[in-house]
Amino acid sequence: MERTLIIIKPDAVQRGLTGEIIKRFEARGLKIIGMKLLHISRELAEKHYDVHRERPFFAGLVEYIISAPVVVMALEGSDAIAAARATIGATKPSEAAAGSIRGDFGLEIGRNLAHGSDSPENGELEVANFFSESELLSGWRRDVDRWVFE
Ligand code: DAT
Ligand code: MG
């Protein structure tokens, strides 16, 4: 099982798309093991986007993600990383496939609605950056699991 950190970004929360976005991951079969509303601190935002620190868009990216509350989720599932990224769609919403979150609700790269971790290693690290162990219910029993996982 892989873990991925999903961030429902400030634009999506402000636009009332939180439920719509959660619904898509839930319907896909990914299991929610942690979820909360929070206003990300500058320190956490800079840590989360550290790999982009030298990029010209870094400052704007940090300002955007700390501009208003977000909803973060830790999701678990087989191939959770690839599945969640496909559900989110390409980084640039204007190029994202219709049917994906970005392809259905976005136009611009700086307002691209959702984040998903890009590797199993980063999934573990990012989930740990946003959730304490006690906030994660990794072992909860979901009765439909045998109809989702082989
Ligand atoms: P993703 O969010 O699809 O994983 P990423 O990790 O490459 O994309 O970049 C993180 C975020 O940074 C992305 O969601 C939007 C922003 N970003 C990436 N490339 C950008 C660019 N060329 N111009 C402006 N913002 C960019
Ligand atoms: Mg990324």
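Counting convention: from 1, in listed order, for ligands and their atoms alike.
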Worksheet item: Nearest non-hydrogen atom to atom 15 (C) of ligand 1 belongs to which of Val62, Ile7, Asn112, Val51?
Response: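 It is Asn112 whose heavy atom sits nearest to atom 15 (C) of ligand 1.
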Practice prompt. Identify which of Tyr49, Phe57, Tyr64 has a heavy atom lying nearest to atom 17 (N) of ligand 1.
Written response: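 Looking at heavy atoms only, the winner is Phe57.
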If you measure from each heavy atom of [X] to ligand 1, is any distance below 4.0 Å?
| X | result |
| --- | --- |
| His48 | no |
| Asp118 | no |
| Arg85 | yes |
| Arg102 | yes |

Worksheet item: With Met35, which of Ile22, Val72, Leu137 fulfils side chain to side chain contact (heavy atoms under 4.5 Å, CB included)?
Response: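 Going through Ile22, Val72, Leu137 one by one, the side chain to side chain contact (heavy atoms under 4.5 Å, CB included) with Met35 is satisfied by Ile22 alone.
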Discussion item. Here's a test for you: under side chain to side chain contact (heavy atoms under 4.5 Å, CB included), which of Asn129, Ile66, Val62, Ile65 qualifies with Leu44?
Written reply: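 In the set Asn129, Ile66, Val62, Ile65, the residue that makes a side chain to side chain contact (heavy atoms under 4.5 Å, CB included) with Leu44 is Asn129.
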Cluster overlap [X] with [Y], hydrophobic side-chain contacts below 4.5 Å:
| X | Y | result |
| --- | --- | --- |
| Val127 | Ile8 | no |
| Leu113 | Leu5 | no |
| Val144 | Met1 | yes |
| Ile81 | Met73 | no |

Discussion item. Tell me whether His52 has any N or O atom under 3.5 angstrom from an N or O of ligand 1.
Written reply: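 Indeed, backbone or side chain, His52 has an N or O that close.
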Worksheet item: Does Thr91 reach ligand 1 with a nitrogen or oxygen that is under 3.5 Å from one of the ligand's nitrogen or oxygen atoms?
Response: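 Yes: some nitrogen or oxygen of Thr91 is under 3.5 Å from one in ligand 1.
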Worksheet item: Going by the atom numbers of ligand 1, which of them fall below 4.0 Å from some non-hydrogen atom of Lys9?
Response: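 Answer for ligand 1: 14 (O).
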Practice prompt. Verify the distance criterion only: is there a donor paired with an acceptor across the side chains of Arg24 and Thr87 at less than 3.5 Å?
Written response: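 Judged by distance alone, the side chains do not pair up.
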Practice prompt. Specify side chain, backbone, both or neither for Ile109, according to which of its non-hydrogen atoms lie closer than 4.0 Å to ligand 1.
Written response: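 The part of Ile109 near ligand 1 is both the backbone and the side chain.
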